[in-house]
Amino acid sequence: MSTLTRKEQLPLVTARSGSRRASAFLARRSLAAHRRAWAAVFAAAGAAAALLGAFALVLGSLLSARPPVERYAGADAVVAADQKVSYTAKPWGSEPRTVSAYLPERVRLDRALVAKAAAVDGVAAAVADDSVPVALGDGTAATGRSWESAALTPYRLTGGRAPGGDDEVVLDAASAPAGTGPGGTVTLRAGGPAREYTVSGLAESRGGTPAPAVFFTEARLTALAGHPRTVDAIGVVAERGVSPEALRGALRAALPDATDQHRAVRVLTGAERGEGERVDAPAGRNDLLAMLASVAGTVVLVALLVISSTIAQAVHQRSGELALLRAVGASPRQLRSAVGREAGRVAATAAVLGGIGSVPLGFLMRSLLGTEALPLPVPLWLPFGAGAVGALVVALAARPVAMLAARRVTRLRPSAALGEAGAAEPSDPGRFRTVAGLLLALAGVSSAGLATTQGGQAAALAASGSATSLVIAVALLGPRIAEVAVRVLGAPMRRSAGVSGFLAARSGAAHTRRLGAALTPVVLVTAFVCVQLAAASTLERAADRQAAAALRADLMVTGPAGGLPDGVAGAVRGTPGVAAATGVLRSAVLLAHREAGEPVLDRLPVLGVTAGQLASTVDPGVTAGDLADLTGTGTVALGADRADGLDAGVGDRVELRLGDGTKVAPRVVAVYERSLGVGEFLFPREALVDHVSAARDQAVLVRTDGTGPEAAATALRDALAPYGGVRIGPATDDAVRSAPATSGQDDALVVIGVGVIGGFALLAVVSTLTLITVGRRRELRLLRLVGAGRGQLTRMLVLETALVAFAGLAIGTLVAAVPLTAFSVALAGSAPYMVPARYGALALAVVVAAAAGTLLPARTGR
């Protein structure tokens, strides 16, 4: 503002009615004079708007997503059981609350409802629809259905006739083996050893594009499905002229409200019909929504921290100028308004560009998620709305942050402001800021301590809260932390680097606020990336170790995605060289409980095993009870951590819902310690088999006798040849893991969470350090004038960069270590772990970003 003429200063002393014009004038002039300083704010605001808009686009797509209608494309309505369950509890000191969750297994309907649906006015046909996994002779996976249900897609015969006996089938023409036609034979594996069927006809889909299908007679399909009194769903075809709304109303009025004491009937029409095909899709969508919403919340926090830090530094670098304006008569209100207008204009422009950029970024994130089973629609309004959300949040946040940052200088009396105008920067961070930072640090440590006493989601939430509190505390205590860093690292720099070290140490000691602002984004990116990567690595490592310790089998038998045919486990046990064999059936249960007083429905993966020979193939580390008692339909074995959380022991009962929503209260017969590896519940296979969508083992674990694994594997190949498609190989940890180690979607979330947000935080490192360096150009020129050489200044800047990078990495690692240790002790019982190569990549990225933000902008200032 020293370039202002006396004529241009007149608006500063206008009457109160001219205050707005004076503020607008100051904003225009200052914005033009400080373009380089505001460039860092522009970059941070634009990136924040792009990220927020991208997450808004993905979340909006998920909220409107529905499974595609393929199998029921020819049906006007689908009658299915409700896949949701609810749990109501009264939190501490408030009204009762209800939470809901989707069931992981298909809930079936009473077969008597088929006749009731067919008798409803306006219904032309009601067809029972069941399915079974089928494999063709060449290994192609298909879905077995009844020929009556072919009308629901619809399929039409292109040759031959409908199946007339249990040994006849109609093949999907698109997936039939080459050369196979009516009158020929085909080898199929469905529910037992492979057998030959006569091909009575070929059919092709005239509606959707469903998975390959094989059509049996109704009687044969019912026998293969294994649940003759229930059906998966009922497809309904309406009479001509009956609208979907009228059909829905008539079916709802005619069908009962519940199939038993806790399951309601749903009538699905239009796009809802896809939910009748893929019962797991809504649950997967909700899980993905919850995880993305959590990441999006972190994005909002990081964006606000970065924007606040960048704007505050930009304003602090102009403290002398603002103090001078205050001294010559500008009112506090005028100055705050002028600074707010500047920040608002910069952020608004950046937010608009960021909002535009959020659309391709959002589509990139959608592609990473790979939700083929649940296509994500993009309504025409969504990209515009998502971009507007990101832009609006950033634009609204910028102005109040800038006005608050300018509050200290603008409150000074004009006479006091004269002394402040000569100061390089305010040296005292303020008592309020220091106290708030200390309180947040204490809250973060306390939250970490609380996490060590919790389990499951409660421990994760407490650790997350601890990390958030500590990062904000570091941002508030930046100048104080910088003082400590300079005291610790300043002496070594002075001794080892001569004049350059002396200059770097003195500069850091004289400008602790500036150094604190430089440290904040480095701490942020280090803490965030460490927490995200180390938490997953710690649990994965602990689970791998426990699963490896629990595995006693030498070999395992696996099959296609649909599972092993019936009878494989029995055939394995009767094979020479096999000492013990245990089939593994996977499912999930829902546990209703309260965490911190709030009602929670947790969906937990479980294994169903046969107890007879379990001790020889799996050792979960029993600490109480006996796994030999794990028989019948009313027993369960329980992980030690979950047992402590439920206050349950051997002989007690635990209330659960099985995968299809059936309420059970099995008796605990054993407690074991390797729950991260084999899951928190072990059930007898017979307790789960009637409550899963497909009652097929995913693996059979084999313990060999003295003949050795090679001889046993050879015998197993001969014994299992009639089943076809089975694989025999060495037993691996995945066979006893209650859930797969990783999935493509998990990897995508890591890329989005760490890559996108970590990249944004690194951009904040570069932009903040660039802003600081631009503000130091006068200082660097002065050092040149008093005799400092270019080489000395370059070494000084390198040392300062090293100070920022090293101190930021150390403090960020410490900030991450506090909640990570609590989290790891609570859930894994071990110290946190992070792959060294990943930490090395993080450190390298921080050093490169710090150097780019410090050394490159300083080249023109020397």
Side-chain angles (χ1 to χ4, degrees), residues 37-48 50-51 298-317 347 350 394 397-398 401 405 429 437 467-468 470-482 485 508 511-532 753-776 800-816 841-857:
W38 285 117
V41 177
F42 185 92
L51 277 180
T298 304
V299 170
V300 173
L301 174 64
V302 172
L304 292 177
L305 281 173
V306 169
I307 292 174
S308 300
S309 176
T310 309
I311 291 177
Q313 181 60 28
V315 173
H316 283 310
Q317 289 186 179
V394 171
V401 168
T468 302
L470 290 173
V471 167
I472 299 175
V474 168
L476 293 174
L477 297 173
R480 306 294 187 190
I481 294 173
H511 301 282
T512 55
R513 180 187 289 275
R514 186 175 69 193
L515 181 58
L519 287 173
T520 297
V522 179
V523 172
L524 176 64
V525 66
T526 304
F528 174 78
V529 173
C530 285
V531 167
Q532 294 296 316
V754 176
V756 176
I757 305 177
F760 173 55
L762 285 174
L763 174 63
V765 173
V766 176
S767 60
T768 301
L769 292 175
T770 299
L771 172 61
I772 292 172
T773 305
V774 168
R776 296 181 62 190
E800 289 183 0
T801 302
L803 171 64
V804 169
F806 181 81
L809 283 168
I811 297 168
T813 303
L814 178 61
V815 166
L842 169 63
L844 178 61
V846 167
V847 171
V848 171
T854 302
L855 300 180
L856 295 181

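No experiment lies behind these values; they were computed from the predicted model shown.
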Result of checking Thr801, Val766, Val804 against Thr854 for side chain to side chain contact (heavy atoms under 4.5 Å, CB included) =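 Answer after filtering Thr801, Val766, Val804: Thr801.
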
Could you check Val522, Leu470, Val474 and say which one makes a side chain to side chain contact (heavy atoms under 4.5 Å, CB included) with Ile811?
->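 Single side chain to side chain contact (heavy atoms under 4.5 Å, CB included) partner of Ile811 among Val522, Leu470, Val474: Val474.
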
Distance-minimising heavy-atom pair for [X] and [Y]:
X	Y	value
Ala43	Leu763	O-CD2, 4.1 Å
Val815	Ala467	CG1-O, 4.5 Å
Ala347	Ala45	CA-CB, 4.1 Å
Ala816	Ala527	CB-O, 3.9 Å

Take Val846 and Val525 through the side chain to side chain contact (heavy atoms under 4.5 Å, CB included) test and state the conclusion after the steps.
-> CA-CA 8 Å; Val846 167; Val525 66; 4.0 Å; yes

To the closest 0.5 Å, what do you measure between [atom1] ([X]) and [atom2] ([Y])?
X	Y	atom1	atom2	value
Thr468	Phe528	OG1	CZ	10.0 Å
Leu809	Thr813	CG	OG1	6.0 Å
Leu477	Leu519	CG	CG	12.0 Å
Leu762	Thr526	CG	OG1	8.5 Å

